[in-house]
Amino acid sequence: MRKKAEGQSTANNHSARVAAACRLIERAESAPPLGRLAAIAGLSPYHFHRVFKSFTGMTPREYAAAHRAKRMRSALRSGKSVTEAVMSAGYGSGSRFYEKSTEHLGMTPTQFRNGGDQATIRFAIGQCSLGAILVAQSDKGICAILMGDDADELARDLQERFPQATLVGGDRKFERLVAQVVGFVEAPRMGLDLPLDIRGTAFQQRVWKALQKIPAGTTASYAEIAKRIGSTSSTRAVAGACAANAIAVAIPCHRVVRTDGGLSGYRWGVERKRALLESEAAE
DNA sequence: GGTTCTCTGCCGC
DNA sequence: GCGGCAGAGAACC
């Protein structure tokens, strides 16, 4: 009994320290260095870092970055100019923010302010051994690879994923790109040497990054991915992020299976998942 | 391009 | 539970 109470109080202590660090990060003009956060929490930088991550699922640096991006977004939404928003979010200089803006907002600040992504997305639909395949590209790179049984369904899916975008059918030059992607889907081991335009929340991005590290021909469980991104208890959220993935095969969510080896689900049909895994294992 | 800070796996207490 | 080192990596100037 006594032991339990002690364990409880340690946990409470930690959550209070982590919460205090979060508030500090939120209030600070620029991200406080790790050493200062740790000193305030009364822990060594090493240990504090681990405690923080185990509670929040992200490192203090990531937390600060996510919070800045959030401030940036709300400042832009409230109608401030891009420059004002950059400053009020605590980015030291405009130029520094611009370098990373695509990462934070998924688009340039001006595009964001103009009501989301109205950029043009070009797409084309082709056929591969797994059925119909849609490849879409923004000016940043491939933003969607979708698979399905019929072309209309895929086009609707694309429109739903990018409701603000202007979708245009691809020209002949674009067909070559589709052919390249189809070739990649048939033989994923070759790799896809094209830039990707990956859009999602910070958490989704972390999951997708982890997925890209799973080598072809192997699999990982949802729990393993959760562990790799340092968020052991987020197994279900990992599954959610996999399901939200818009870039099939290039972000290999098909390589994530249940802990017992069962295939679990696949956004584009379990049969396609099975086929992909079998062909990768055979290569 | 060098420096400084961050992050993580591993080990010791 | 906590601290610390080593080494890789990212951010910064």
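Just so we're on the same page: letters track the sequence lines, and every chain starts at 1.
Taking the side chain of Pro33(A) as heavy atoms from C-beta on, and the options dT6(B), dC10(B), dG1(C), the nearest nucleotide is dT6(B). When distances are taken from the side chain of Arg61(A) to each of dG4(C), dT6(B), dC2(C), the shortest belongs to dT6(B).
Regarding Arg206(A), its CZ atom lies at a distance of 13 Å from the C1' atom of dC7(B), rounded to whole Å. Leu34(A) has its CG atom 13 Å from the C1' atom of dG3(C), to the nearest Å. Distance CZ (Phe52(A)) to P (dC5(B)): 19 Å, rounded to an integer number of Å. The nearest whole Å value for the distance from the CZ atom in Arg17(A) to the P atom in dG1(C) is 12 Å. Going from atom CD1 of Ile229(A) over to atom C1' of dC7(B) covers 16 Å, rounded to whole Å. Look at CZ on Phe48(A): it is 16 Å from P on dG1(C), rounded to the nearest Å. At whole-Å resolution of the value, NE2 in His49(A) and C1' in dC10(B) are 16 Å apart.
Proximity of Leu154(A) to Asp150(A): side-chain heavy atoms (C-beta onward) are nowhere separated by under 4.5 Å.
Between Lys53(A) and dT6(B) there is no side-chain N or O to OP1 or OP2 distance below 4.0 Å. One finds no side-chain N or O of Ser44(A) lying less than 4.0 angstrom from the OP1 or OP2 phosphate oxygen of dC2(C). Side-chain N/O atoms of His14(A) include one lying less than 4.0 angstrom from OP1 or OP2 on dC2(C). Here Tyr46(A) does not reach the OP1 or OP2 of dC7(B): none of its side-chain N or O atoms lies under 4.0 Å away.
One can find a donor-acceptor pair under 3.5 Å joining the base of dG9(B) and the side-chain atoms of Arg50(A).
In summary, Lys227(A) and Glu224(A) do not engage in a salt bridge, as defined by a charged side-chain N under 4.0 Å from a carboxylate O. Contact check on Arg156(A) versus Asp152(A) returns no salt bridge, with no Lys/Arg side-chain nitrogen under 4.0 Å from an Asp/Glu carboxylate oxygen.
Here the side chain of Lys53(A) pairs no donor or acceptor atom with the backbone of Pro60(A) at under 3.5 angstrom.
When all heavy atoms of Leu158(A) and Leu146(A) are compared, the closest pair comes out as N-CD1, 3.8 Å.
The line from CZ of Arg267(A) to SG of Cys253(A) is 9.5 Å long, rounded to the nearest 0.5 Å. Note that the CG atom of Asp197(A) and the CZ atom of Arg199(A) stand 4.0 Å from one another [nearest 0.5 Å].
Taking the screw axis at each terminus of the helix from dG1(B)-dC13(C) to dC13(B)-dG1(C) from five consecutive base pairs, the angle between the two is 20° to within rounding of 10 degrees.
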